[in-house]
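Counting starts at 1 for both ligands and their atoms, following the listed order.
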Amino acid sequence: MSTETQLFSPLTLRGVTLPNRIVLSPLCMYSGKDGVANDFHFAHLSTFARGRVGLIFAEATAVEPRGRITPRCLGIWNDEQVEAFKPITAFIEEMGSVPGIQLAHAGRKASSHTPWMGGKPITAENALPGEELWPIVGPSATPVADGFQTPHQLTTEEIADLVDAFATAAKRSLEAGFKVIELHGAHGYLMHSFLSPLANTRNDEYGGDIHGRMRFPLEVAAAVRAVLPDEVPLFFRISAVDGPAEGWSIDDSVTLSKELAALGVDVVDCSSGGIAGAPRFRISDDGKPLGSPLDRGLGFQVPYAEQVRNETDIKTMAVGVIVDPQQAEDILVDGRADLIALGRELMYNPFWSLHAAQALGEDPDFKMWPDQYSWAVFRRAQLADFKDTRMA
Ligand SMILES: Cc1cc2nc3c(=O)[nH]c(=O)nc-3n(C[C@H](O)[C@H](O)[C@H](O)COP(=O)(O)O)c2cc1C
C-alpha cells in the first residue's frame, strides 16, 4: 500500500503540472562548445528524467556570449543552441518529467575557468589553448575580488539591451521545448550584483536604495513574463542573503519577492551567498571548497524559503544540502517550501527520487520506475534474503 506524501504529490503551476515536488537544481556542467549542448548534456539531464525527478532544470544558460561563466557554459542566443536542446526537452517530457531552463548572465563573474581548473578568472597568462578571456560587465566598475577583471559599468542603454536579451532568450527557450523558465538572480551574477549594495554603487535609477537596485532584475522579470504565454510558470532564483550584515538581507528578499509576485513570477527559489570573493563552488589549489561565510549544514537555506513563503503570497523552492527523503518531506509538510530542489545529492544518486519513494513507502511495488526497469527491480527486491539498507 502506498502512502500519500507531500513529496510525491503533484503541483500545478499555471498550465503545467509537476508530477512531484522534486526538482533538479540548475547545475553547470561546463561541457558545451560555443554554448551548444551536446551528448553529455543529453546523458546528464535524461538520467534525472529516468529517475523521475519532477522538474529538471537545465543549467545556467547565458542570454548573450558575455554572460557565460566559462567558455564552456551553455547559451541560448542562437538557433543552433535552440536546436541542440530539442532532443533533451523531448526526452524529459517523454519520461513524464517537466523540462525547465535557467536563464543567466554571469556579469562580473564571467570569463572564468571551470571549477576543476580552479575557477579563477581567465587571464592572458593562464588561458587554456583555444580559450581566451572576454570583457565583462556589471552594475559598477568594481571587481568581485582581487584577481578578477574590472567590469565595464553598464550604461542605461546597455541595461535595456540586456533586458531584451533575457526576453529573447525566454522566447527561444520555449522554442527549444522548455516548459518552465527560471531567472538566475543569485550567486553574485549579473542580476544579483544589481540587487546587492556590496556590488551596486551606482547613483542613477539602477542603483541607490533597494528600489533602484531592484529595477534591473524587475525589468527582466517583467519583460520575460510579457513574452511567456500565461500557462508557462516563471521562477526566480535569489541569493536570499549575501552574508555580511551590510549586504542584501532576508528582509530585502521578502520585499523583492512581493514585487516579483506582483509581476507574475510564480516561485522564488531561495539560495544564498556568492556576491563577493570566490564563486561558491570554486575549489582552492589544495582541493578545498572556497565559499561564503555562511554555515552550510543540512537544509541551511530552508529558513529563507520559509520566511519568504510566510511573508508573501509567492510559492518557494528550498535548496541546499537537502539529502534525506524524510527531511524533504518534513520541509513540505511543515509548510516551509512548496518544492524541493537538489543539486549535489542528485549528482551523487540520480535515482534519488525513486529511492525516496521506497523509503517513504510511496512505491512498494516499484511501479514508479520506468517500465524498462520496473519489472526487473521488482524481481530484484523479491530475491531471497535480500534487504536493501542503502536508502533506509
Ligand atoms: C556542479 C554545480 C553546478 C552548479 N550550477 C549552478 C547553476 O547553473 N545555477 C545555479 O543557480 N546554481 C548552480 N549551482 C548551485 C546548485 O543549483 C544548488 O543550489 C547548490 O548545489 C545547493 O544545493 P545542493 O546542496 O543540493 O547541491 C551549482 C552547484 C554545483 C555543485
Would you say ligand 1 has an N or O under 3.5 Å from any N or O of Glu345?
-> no
Tell me the side chain to side chain donor-acceptor pair (under 3.5 Å) pairs involving residues 33-49, sequence neighbours left out?
-> Asn38-His41, Thr47-Arg50
Taking the six-membered ring for Trp and the full ring for Phe, Tyr or His, determine whether the centres of Trp369 and Phe378 are under 6.0 Å apart.
-> no
Should Arg237 be counted as touching ligand 1, given the test is an N or O pair under 3.5 Å?
-> yes
Would you say ligand 1 has an N or O under 3.5 Å from any N or O of Ile322?
-> no
Quick one: list whatever passes side chain to side chain contact (heavy atoms under 4.5 Å, CB included) with Lys171, sequence neighbours left out.
-> Val227
In terms of atom number and element, which parts of ligand 1 are under 4.0 angstrom from non-hydrogen atoms of Gly320?
-> 22 (C), 23 (O), 25 (O)
Verify whether one side chain among Thr114 and Thr70 offers a donor that lies under 3.5 Å from an acceptor in the other.
-> no
Nearest heavy atom to atom 13 (C) of ligand 1: which of Ser239, Gly343, Pro26 does it belong to?
-> Pro26
NZ/NE/NH1/NH2 to OD/OE distance under 4.0 Å, Glu83 and Lys86 | yes
Any idea which atoms of ligand 1 are less than 4.0 Å away from a heavy-atom of Val321?
-> 24 (P), 25 (O), 26 (O)
Is there a donor-acceptor pair closer than 3.5 Å between any side-chain N or O of Arg225 and the backbone N or O of Pro229?
-> yes
Just wondering, more than 12 heavy atoms not from Gln327 lying within 6.0 Å of its CD?
-> yes
Ligand 1 contacted by Ala186 (non-hydrogen, < 4.0 Å) | no
Please identify which atoms of ligand 1 are closer than 4.0 Å to at least one heavy atom of Val319.
-> 18 (C), 19 (O), 23 (O)
Got a salt bridge between Asp204 and Arg202, using NZ or NE/NH1/NH2 to carboxylate O under 4.0 Å?
-> yes
Which atoms of ligand 1 have any heavy atom of His187 under 4.0 Å away?
-> 10 (C), 11 (O), 12 (N)
Leu342 heavy atoms within 4.0 Å reach ligand 1 at atoms 26 (O)
Looking only at distances, please establish whether an N/O atom of ligand 1 is found under 3.5 Å from an N/O atom of Gln102.
-> yes
Would you indicate which of Glu59, Arg344, Met347, Gln301 comes nearest to atom 27 (O) of ligand 1 when only heavy atoms are counted?
-> Arg344
